[in-house]
Amino acid sequence: MSAIEALCGNGLDGLAITAVNHPLVSAKLRSLTQNGVPVVTANSDVPDCGRIAFVGSDYHKSGKTAAGLMNLICGGPAKAGVLIGSPWVMCDAERLSGFVEQLNTQYPYIQIVHTAVNHSDEFESYATTKRMLEEFPEITALYLAAAGVEGACSAISDLGYKGSIKVISHDAPPVTQQLLDDGSIAATITQQPFVQGAKPLDILLDYLGMNIPPEEECIYTKIEIKIRE
């Protein structure tokens, strides 16, 4: 909130933002759009703020993709744990919604044992994952719907479960690629982060400089699946 207010104080013609979908944030962004400032949300949407476009992944579909991957990788019945960053981050909530929906409709033999929040923090992710696996030792698969991948995989390794617990994550920064290479992660789902960073600025430039509105309200990036190979 203070960052948005600081930008407004310096004069603001347009705003590209990755924000939490919280009522206070939505209200602040809505006050901007109602005063003629175009807003483009990126990566995490705030759909009720009056923004002119959203650039990011179809997170509900991405969550459904994770469920399908878990079914393929586990090859049948499984007990799953889930980690999300925050219920206020729309991408996390939508991924979880898609994951749960697909398991319930297509793979009911995969049971979600426990869902926990790690605030996308590596240290909290380590502690939360360790606590989850100690409390629910029957877990055979883990869906990481947010950041904190390295912390979660470190907890799995420290408990001696590396390789036996099938892990599915999102995004492919260097540390996640290393975890794919060493077998800590079975697969990760990516979403063209460069496009998510660059496209909002292109939209604002066209809108402000040439009065060209975005062709679509929601501009979805490609969902891609990466395995070790």
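When reading the values below, keep in mind they use all heavy atoms of this one structure, side chains included, and skip hydrogens, waters and symmetry mates. If you read the sequence from its start, that first residue is 1, and numbering goes on from there. It should be emphasised that the depicted structure is a prediction, and the values quoted were computed from it without experimental measurement.
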[X]-[Y] co-clustered via ILVMFWY side chain contacts under 4.5 Å:
X: Y109; Y: L103; answer: yes
X: I185; Y: Y161; answer: yes
X: M70; Y: I189; answer: yes
X: V167; Y: L83; answer: yes
X: L32; Y: V25; answer: yes

In R95, Q102, E94, the residue satisfying side-chain contact (heavy atoms from CB on, under 4.5 Å) with H60 is E94

Can you give me the closest heavy-atom contact between [X] and [Y], atom names plus distance?
X: T128; Y: A116; answer: CG2-CB, 3.5 Å
X: L12; Y: V37; answer: O-CG2, 3.8 Å
X: T176; Y: D171; answer: CG2-O, 3.5 Å
X: A93; Y: P87; answer: CB-O, 3.9 Å
X: P38; Y: L204; answer: O-CD2, 3.8 Å
X: S86; Y: D92; answer: N-OD2, 3.1 Å

Heavy-atom check, side chain of [X] versus side chain of [Y], under 4.5 Å:
X: I110; Y: P77; result: no
X: S154; Y: F123; result: no
X: V82; Y: I84; result: yes
X: V46; Y: F54; result: no
X: I17; Y: L29; result: yes
X: K162; Y: D182; result: yes

Sorted by chain and residue number, the salt bridge (Lys or Arg N to Asp or Glu O under 4.0 Å) partners of E229 (sequence neighbours excluded) come out as none

Next item on the list: Scan side-chain atoms only and decide if Q196 and N43 contain a donor-acceptor pair under the 3.5 Å cut-off.
Entry: yes

Among side-chain atoms of D158 and Y126, is any donor-acceptor pair under 3.5 angstrom?
-> yes

Backbone N or O of [Y] within a donor-acceptor pair of the [X] side chain at under 3.5 Å?
X: T188; Y: K226; result: no
X: R228; Y: A186; result: no
X: S26; Y: H22; result: no
X: S62; Y: D58; result: no
X: T190; Y: Q192; result: no
X: H119; Y: D121; result: no

Mind listing the side-chain donor-acceptor pairs of residues 131-151 below 3.5 Å, one per line with the distance, residues two or more places apart or on another chain?
unit_1: E134; atom_1: OE2; unit_2: K130; atom_2: NZ; d: 2.7
unit_1: T140; atom_1: OG1; unit_2: K79; atom_2: N; d: 3.1
unit_1: T140; atom_1: OG1; unit_2: K79; atom_2: O; d: 3.4
unit_1: Y143; atom_1: OH; unit_2: H170; atom_2: NE2; d: 2.7

So OG of S57 and CG of D45: to nearest 0.5 Å the spacing works out to 12.0 Å

In this structure, CD of Q34 is separated from SG of C49 (nearest 0.5 Å) by 10.5 Å

**Asked** Where do I168 and I73 land on the side-chain contact (heavy atoms from CB on, under 4.5 Å) test, with the steps shown first?
**Response** CA-CA 9 Å; I168 295 169; I73 291 166; 4.1 Å; yes

For this session: For the pair T18 and T41, evaluate side-chain contact (heavy atoms from CB on, under 4.5 Å) and give the outcome as yes or no after the intermediate values.
Result: CA-CA 6 Å; T18 297; T41 54; over 6 Å; no

For a quick test of your reading: what N or O donor-acceptor pairs under 3.5 Å do the side chains of residues 214-223 make, sequence neighbours left out?
unit_1: E217; atom_1: OE2; unit_2: R51; atom_2: NH1; d: 2.5
unit_1: T221; atom_1: OG1; unit_2: Q191; atom_2: O; d: 2.9

